[in-house]
Amino acid sequence: MILPKSFYERDPAVVARELLGNMLVVRDKEVLKGRIVETEAYYGLSDPASRAFKGKTKLSRWMWEDAGSTFVYMVHGYWLFNIITERKGKPSGVLIRAVEPVEGIEHMMKRRGKEKIRDLTSGPGKLTISFNISGKDNGLKVYDPESRISVEKCDDKKFNISTSGRIGVREDLQEHLRFFIEGNEFVSR
DNA sequence: AGGAAGATCTACT
DNA sequence: GTAGATCTTCCTA
């Protein structure tokens, strides 16, 4: 079962919260799966921390795509993975900050060059290395089962959700826009 | 040519 | 746990 496009056509904070517990899936030669345990919401034009804040550029143009599209960009030498929310022409999105490895763990270890499972995906730049996600993966549709990257629905929601301010942003908004599964060891920091 | 960016690693206390 | 170096694109001048 895959999450439908309509799931993403909502406020980014709602999508960020409800993405927790679902499964990020990448299909290469091998299949890689991870349970989403930490997210952050980014509003487009009204959010100083958002890539879209300074307008549409070659870099940020993917945020103007329709809901459920991927947006990958580079920060400090690492790729960060986002899913676009709301609707085409209204930029906003959700950053996937951490996942819990579920399938293809040996491949992740190999790609990361780390033995400890905890080190594989416990941060936004780490998970893109483990899952082999980079700038070439912009504009994919995560609601399309044929897509290289997709998100599967998971009904097991037995966990508590905590919130906080976003991490690493220069000018954060008032609201808490970071969401994570309480007590999960793969949550960053 | 120089800088910025939603981070991570390493090497210490 | 914290401090400082360093990572890689793309943007701006």
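Below, chain A is the first sequence line, B the second, and so on; all start at residue 1.
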Counting only heavy atoms not in A:Lys88, do more than 12 fall under 6.0 Å of its NZ?
yes
Neighbour count >12 (heavy atoms, 6.0 Å) for atom NZ, A:Lys157:
yes
Under 4.0 Å, heavy atom to any atom of DNA chain C: which of residues 72-96 of chain A qualify?
A:Met74, A:His76, A:Gly77, A:Trp79
Between A:Ser122 and A:Ser188, do the side chains contain an N or O donor and an N or O acceptor separated by less than 3.5 Å?
no
Distance-only side-chain donor-acceptor flag, A:Arg178 / A:Ser164, under 3.5 Å
yes
Within the structure shown, what part of the strands sits under 4.0 Å from A:Arg112 by heavy-atom distance: base, sugar-phosphate, or nothing?
sugar-phosphate
Is it true that A:Lys141 and A:Glu146 make a salt bridge, defined as a side-chain N closer than 4.0 Å to a carboxylate O?
no
Intra- and inter-strand pairs of DNA chain B in dot-bracket (Watson-Crick or G-U wobble, both distances under 3.5 Å; | for another strand)
|||||.||||||.
Taking only N and O in the side chain of A:Arg97, is any of them less than 4.0 Å away from OP1 or OP2 of B:dA7?
yes
Quick one: are A:Arg87 and A:Glu9 in side-chain contact, heavy atoms under 4.5 Å?
no
Side-chain contact test, heavy atoms from C-beta onward, threshold under 4.5 Å: evaluate it for A:Met108 versus A:Phe131 and give yes or no.
yes
Pairwise side-chain contact, A:Asp47 with A:Arg166, heavy-atom cut-off 4.5 Å (strictly under)
yes
Nearest whole Å is fine: how far is B:dT8 C1' from A:Ile129 CD1?
8 Å
How long is the line joining CG of A:Leu120 and P of B:dC9, in whole Å?
11 Å
Between P of B:dA7 and CD of A:Glu38, the distance in whole Å:
10 Å
Below 4.5 Å, heavy atoms only, C-beta onward: do A:Leu140 and A:Ser69 meet side chain to side chain?
no
Go through DNA chain C in 5' to 3' direction and return only the first and the last nucleotide with some atom under 4.0 Å of chain A's heavy atoms.
C:dC7 to C:dC11
Whole-Å distance separating the CG atom of A:Asp119 from the C1' atom of B:dT10
13 Å
Considering heavy-atom distances to DNA chain B, does A:Ile167 or A:Lys114 have its closest nucleotide positioned more toward the 5' end?
A:Ile167
Salt-bridge contact A:Arg112-A:Asp119 (side-chain N to carboxylate O under 4.0 Å)
no
For A:Glu100 and A:Asn184, which I'm curious about, is there any donor-acceptor pair between the side chains at under 3.5 Å?
yes
